[in-house]
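Remarks on the structure that follows.
All values reported here derive from a predicted model rather than from experimental measurement.
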Amino acid sequence: GDGVDLQLYHNGSNSIIQHAGGGHLYVQTTGTDEDLILKANRDIYIEAHAGEAAAKFFKNGKVELYNDNVKKFETKSYGCNLIGDLHMTAGDNYQLKFGAGDDLKIFHGTDNISYISADGSAASPGHLIVRNTDGAVYLQADGDVLIGDVGQNEDRAKFIDNGAVELYHNNSKKFETTSSGVKVTG
């Protein structure tokens, strides 16, 4: 430029590229198959504002991502850590998948039903275990709680809101609570 908008210098300790003019500083490639590579013998730090961390890339190790100078995500040798809430914005039927064969899925369907699905196979059936080793486990609903088979063809248990508890054997009701006590069939 006409003045000192862009400076490249060494201050005795560090080499500096400094942009002090109007507009933005762009580092770009213009070819159709070119990469932009930043290399360091140790770590790389990106600050969104002076002294405010945005990203840190450590030699032979982790990556950290920041929001407003607060660490929110980091990679580890075993995977990654998320610090804070995870909010996903996606359409219906997008799935979080876990396991080597994507056996466990969590998703919200187009039918306005939310699912936790453990998909085993006939050759290798899986189990879904809800575990709390230090307290109670609660199933809560503003309506009935129903336990049945996957195809919703066979009832196992029904917990009717403001009403009966019903237990089934082979889809046949065998036990139920009533306002005056219990009723047993069979």
Fellow cluster residues of [X], listed by chain then number, with links counted only when side-chain atoms sit under 4.5 Å apart:
| X | answer |
| --- | --- |
| F175 | L167, V182, V184 |
| F58 | Y45 |
| V27 | L36 |
| I16 | Y9 |

Counting only pairs under 3.5 Å, give me each side-chain donor-acceptor contact of residues 91-105, with atom names and distances, residues two or more places apart or in other chains.
from	atom 1	to	atom 2	distance (Å)
D103	OD1	G101	N	3.0
K105	NZ	D102	O	3.0
K105	NZ	D119	OD2	2.9

Do you know which two heavy atoms are closest between [X] and [Y], and how far apart they sit?
| X | Y | answer |
| --- | --- | --- |
| S117 | F107 | CB-CE2, 4.4 Å |
| R42 | K59 | O-CB, 3.1 Å |
| A48 | A54 | N-CB, 3.9 Å |
| N69 | A53 | OD1-N, 2.6 Å |

Q. Any side-chain heavy atom of F159 sitting closer than 4.5 Å to one from I147?
A. yes
Q. Looking at side-chain heavy atoms only, is the closest gap between F73 and V63 below 4.5 Å?
A. no
Would you give the length of the straight line joining atom [atom1] of [X] to atom [atom2] of [Y], rounded to the nearest 0.5 angstrom?
| X | Y | atom1 | atom2 | value |
| --- | --- | --- | --- | --- |
| N171 | N153 | CG | CG | 8.5 Å |
| K183 | T185 | NZ | OG1 | 5.5 Å |
| K56 | D43 | NZ | CG | 9.5 Å |
| S15 | L8 | OG | CG | 7.5 Å |
| T177 | I160 | OG1 | CD1 | 9.0 Å |

For [X], check salt bridge (charged side-chain N to carboxylate O under 4.0 Å, His left out) against everything at least two apart and list the hits.
| X | answer |
| --- | --- |
| K76 | E74 |
| E64 | K62, K71 |
| E154 | R156 |
| K174 | none |

Verify, without hydrogens or angle tests, whether [X] (side chain) and [Y] (backbone) share a donor-acceptor contact under 3.5 angstrom.
| X | Y | value |
| --- | --- | --- |
| T29 | D35 | no |
| D144 | D161 | yes |
| D155 | G148 | no |

Listed by chain and number, what are the side chain to side chain contact (heavy atoms under 4.5 Å, CB included) partners of [X], not counting sequence neighbours?
| X | value |
| --- | --- |
| I113 | D111, Y115 |
| N67 | K72 |
| Q28 | Y26, T30 |

Q: Determine, stepwise, if the pair I83 / V70 fulfils side-chain contact (heavy atoms from CB on, under 4.5 Å).
A: CA-CA 9 Å; I83 300 103; V70 177; 6.0 Å; no
Q.
Hydrophobic cluster membership, with links at side-chain heavy-atom distances under 4.5 Å among I/L/V/M/F/W/Y: are L139 and V130 in one?
A. no
Q) Should V165 and V145 be counted in the same cluster of Ile, Leu, Val, Met, Phe, Trp and Tyr side chains packed under 4.5 Å apart? A) yes
Other residues, nucleotides and ligands only: do more than 12 of their heavy atoms fall within 6.0 Å of [atom1] on [X]?
| X | atom1 | answer |
| --- | --- | --- |
| H169 | NE2 | no |
| H49 | NE2 | no |
| E34 | CD | yes |

Q | H108: which of I106, N112, T110 passes side chain to side chain contact (heavy atoms under 4.5 Å, CB included) | A | N112
